[in-house]
Amino acid sequence: MRFAPAPTGYLHLGSARTALFNYLAARSVGGVFLLRVEDTDLERSRPELVDVVYAALEWLGLDWDETPVRQSARLDAHQEAVEDLLARGLAYWSDPVPEGDRERTGGRAYDPADRDRNLGPGPGRAVRFRVDPLAFGAESVGWDDAIRGEISFELANIEDFVVRRADGSPTFFIANALDDAHMRVTDVIRGEDLINVTPKYLLLRSALGVASEDLRFAHLPLIVNEQRKKLSKRRDDVSLLDYRDRGFLSEAMVNYLALLGWGPPDGEEVRFDPLGEFASMFRIEDVGESPAGFDVRKLRHVNAEHIRHLGVAHFAERSRPFFAAVPWAGRYRDETFALVAGDVQTRVETLAEVPEYVDFLFLEDPEIDQASWDAAFAGDAPAWLAATLDELEGADWNSAELYSRTMALAEATGVSRKKFQAPLRVAVTGRRVGPPLFESMVVLGREESFRRIAGALDRVRHAEAAER
RNA sequence: GCCCCCAUCGUCCAGCGGCCUAGGACGCCUCCCUUUCAAGGAGGUAACACGGGUUCGAAUCCCGUUGGGGGUGCCA
């Protein structure tokens with residue numbers, strides 16, 4: 001099995017899923033997982049572009065066997081094959097037909113009459129493969145797709161396609177067919193969007209004398225967006241590594257990607273060792289045939305599950321890079337975060353959300369969210385806060401004591417615990433949502449907590465004064 | 001236009017002729033728990049596109065219609 005991406009500067013989610021399914025298929029049957037970089041196009045062979053592919057696969061943990069094949073390194077073989085086709089009359093030189101002149105060719109970009117003109121090389125002239133029932137020995141090409149069953153195409157519907165461009169470079173069709181044979185690929189697993197190049201691939205193999213009988217094809221369903229369209233670079237977030245930067249764990253990505261078009265037979269969707277566990281139960285025939293909608297909500301859920309499964313120390317460690325990206329990065333302390341990491345872990349769906357959860361522990365004067373303030377400080381709330389301040393003056397500074405004293409006070413005041421803690425929370429953290437309050441206050445310390453409570457009380461007085 | 005593929009809850013996955021009163025997951029809603037929010041627990045909402053066959057029996061097989069998608073490049 002092989003994964004054969006064209007380096008485009010990022011690894012597309014769909015490509016990542018294709019790579020994953022190739023990997024799982026290979027590992028499930030003890031096969032070999034190969035990599036081939038399809039850099040036929042000069043543009044695409046720049047090292048940076050290629051390295052991105054490797055980096056992305058490594059991040060996912062899809063380790064490949066053997067040294068990756070660079071398609072550009074096989075140029076001579078491709079050229080030779082083109083010469084061979086030419087020599088045997090299976091391909092011919094063809095002139096492009098300008099846009100305005102296509103009526104005579106039935107809308108085609110080439111003129112089928114060139115087939116018999118015996119043209120030689122010339123400016124702008126490409127080599128086309130002659131799709132010929134006589135040469136192929138049949139009127140149609142087809143194969144038994146592992147996922148979709150029998151698929152076939154009438155030769156009459158297949159155009160003579162370019163195998164060598166006017167600039168002399170061989171095209172994807174020839175390189176692909178040839179290199180798969182060269183690498184002794186037995187299973188071609190790729191996206192559904194390549195179904196219609198498969199006949200050309202088969203035709204070429206036949207013309208080149210490469211047997212295809214033992215070749216298995218599996219065309220995976222496309223991954224589509226909310227609009228049911230193929231994920232596009234323009235409208236969708238398609239770069240795999242961007243998900244890493246947005247706080248998704250690679251295990252979660254692997255886990256979720258595997259669920260697009262497939263599902264484990266036992267129905268247990270969330271796996272903490274998805275690569276290992278799925279490999280043992282994966283069967284390419286079980287992959288579905290209808291397009292799979294990419295659902296970020298579910299990805300987030302899977303990610304959250306994986307985050308919760310991490311040991312607290314690992315969670316803290318993997319969160320660290322996300323603190324570096326924040327404006328107050330300089331104030332961040334591992335030791336401080338470690339004290340609340342466990343409480344944050346169950347509350348986030350991505351690692352990118354971590355810093356905003358605990359920023360108040362690091363900022364000197366965290367910004368107070370106005371909506372939170374308005375909600376928390378309505379009515380008698382300022383009085384409760386003042387009372388809480390008094391009550392906590394003599395408290396031992398541990399969460400159990402802070403909790404029991406505050407709650408007892410709520411009880412005595414006849415206010416629900418939820419409402420009663422609101423002003424305290426907003427005073428201390430700036431928001432009405434966050435990690436457990438008393439634990440946070442312990443981390444902040446008595447002095448700082450009091451300072452913030454006093455600050456909030458001041459703010460109330462100012463507001464009142466302003467009203468008068 | 002032409003070629004090809006697809007069609008079960010909003011989404012993902014089960015279902016491969018009777019076990020389906022269609023199952024699980026995400027989301028959403030309700031309740032419980034609760035120091036906020038989460039997490040956790042208990043419920044609920046919601047689908048076989050349509051029409052013909054085949055069959056004792058169809059979500060499951062066949063045909064058609066409709067709908068969606070992909071391709072139609074001297075990109076891969």
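For the numbers below, each heavy atom of this structure counts, side chains included, while hydrogens, waters and symmetry mates do not. Residue numbers start from 1 in every chain, and the chains themselves are labelled A, B, ... in the order their sequence lines are given, proteins ahead of strands. If you're wondering where the values come from, they're calculated on a predicted model, not measured in any experiment.
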Any side-chain heavy atom of A:Leu220 sitting closer than 4.5 Å to one from A:Trp262?
no
Taking side chain as C-beta onward, heavy atoms only, is A:Leu20 less than 4.5 Å from A:Leu60?
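No - every pair of side-chain heavy atoms lies 4.5 Å or more apart.
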Separation of [N] [atom2] from [X] [atom1] (nearest whole Å):
X	N	atom1	atom2	result
A:Arg283	B:C16	CZ	C1'	11 Å
A:Leu257	B:C26	CG	P	19 Å
A:Leu351	B:A38	CG	C1'	16 Å
A:Ile223	B:C6	CD1	P	18 Å
A:Glu150	B:C62	CD	P	13 Å
A:Glu226	B:G27	CD	C1'	14 Å
A:Trp93	B:C74	CH2	P	15 Å
A:Asp179	B:A76	CG	C1'	13 Å

When you check the phosphate oxygens OP1 and OP2 of [N], does a side-chain N or O of [X] lie under 4.0 Å from one of them?
X	N	answer
A:Arg417	B:U35	yes
A:Lys418	B:C37	yes
A:Arg128	B:C74	yes

Of the listed nucleotides [options], the one nearest the side chain of [X]:
X	options	answer
A:Ser290	B:C6, B:U35, B:C13	B:C6
A:Gln71	B:C4, B:A76, B:U34	B:A76
A:Asp295	B:G10, B:A76, B:C74	B:G10
A:Asn157	B:U35, B:C37, B:C2	B:C2
A:Arg148	B:C6, B:A76, B:U36	B:C6

ring-ring contact (aromatic ring centres under 6.0 Å, His included) against A:Phe129, all qualifying residues, sequence neighbours excluded:
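ring-ring contact (aromatic ring centres under 6.0 Å, His included) list for A:Phe129, sorted by chain: A:Phe161.
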Does [X] reach a base, just sugar-phosphate, or nothing at all? Heavy atoms under 4.0 Å.
X	result
A:Thr40	sugar-phosphate
A:Glu439	base
A:Ala166	base
A:Phe161	nothing
A:Gly434	base
A:Asp286	sugar-phosphate
A:Gly261	sugar-phosphate
A:Val197	base
A:Ile195	sugar-phosphate
A:Arg432	base
A:Arg164	nothing
A:Pro435	base

With no hydrogens and no angle check, do the side chains of [X] and [Y] hold a donor and an acceptor under 3.5 Å apart?
X	Y	result
A:Tyr110	A:Arg115	no
A:Arg165	A:Ser169	yes
A:Tyr92	A:Asp160	yes
A:Thr350	A:Glu353	yes

What are the two closest heavy atoms between [X] and [Y], and how far apart are they?
X	Y	answer
A:Ala146	A:Ala218	CB-CB, 4.0 Å
A:Ser15	A:Phe3	O-CE1, 3.3 Å
A:Ser319	A:Leu351	OG-CD2, 3.7 Å
A:Arg125	A:Ser94	CG-O, 3.3 Å
A:Glu269	A:Phe278	O-CZ, 3.9 Å

Considering only the [atom1] atoms, how many Å lie between [N] and [M], rounded to the nearest integer?
N	M	atom1	answer
B:A25	B:A14	C1'	11 Å
B:C48	B:C12	P	16 Å
B:C9	B:C20	C1'	15 Å
B:C3	B:G64	P	13 Å
B:C29	B:U21	C1'	23 Å
B:C5	B:U54	P	26 Å

Residue whose closest nucleotide on RNA chain B lies nearer the 5' end, A:Ser169 versus A:Ile151:
A:Ile151
Contacts of A:Gly149 and A:Gly263 projected onto RNA chain B by closest heavy atom; the upstream (5') one is A:Gly149
Each nucleotide in nucleotides 43-48 of chain B should get exactly one letter: B, S or -. Can you fill that in based on protein heavy atoms under 4.0 Å?
------
Side chain of A:His306, backbone of A:Arg271: donor and acceptor closer than 3.5 Å?
yes
A:Leu202: which residues meet the side-chain contact (heavy atoms from CB on, under 4.5 Å) condition with it, sequence neighbours left out?
A:Val141, A:Trp143, A:Thr198, A:Ser212, A:Phe217
Show the numbers, then the answer: is there a ring-ring contact (aromatic ring centres under 6.0 Å, His included) between A:Tyr357 and A:Phe337?
CA-CA 11 Å; A:Tyr357 242 92; A:Phe337 179 56; over 10 Å; no
Between the protein and nucleotides 65-70 of chain B, which nitrogen or oxygen pairs are less than 3.5 angstrom apart?
{"residue": "B:G69", "atom": "OP1", "partner": "A:Lys229", "partner atom": "NZ", "Å": "3.3"}
{"residue": "B:G70", "atom": "OP1", "partner": "A:Lys230", "partner atom": "N", "Å": "3.4"}

With distance as the sole criterion, do the side chain of A:Arg347 and the base of B:C37 form a donor-acceptor contact below 3.5 Å?
yes
Identify the nucleotide, in any strand shown, that forms a Watson-Crick or G-U wobble pair with B:G1, with both distances under 3.5 Å; if there is none, say none.
B:U72
Between the protein and nucleotides 20-24 of chain B, are there any N/O to N/O pairs under 3.5 Å, and if so, what are the atom names and distances?
{"residue": "B:G24", "atom": "N2", "partner": "A:Glu269", "partner atom": "OE2", "Å": "3.1"}

Members of residues 299-313 of chain A that approach RNA chain B, where some heavy atom sits under 4.0 Å away
A:His301, A:Arg308
Enter the distance from A:Arg17:CZ to A:Phe294:CZ here, rounded to the nearest 0.5 Å.
11.0 Å
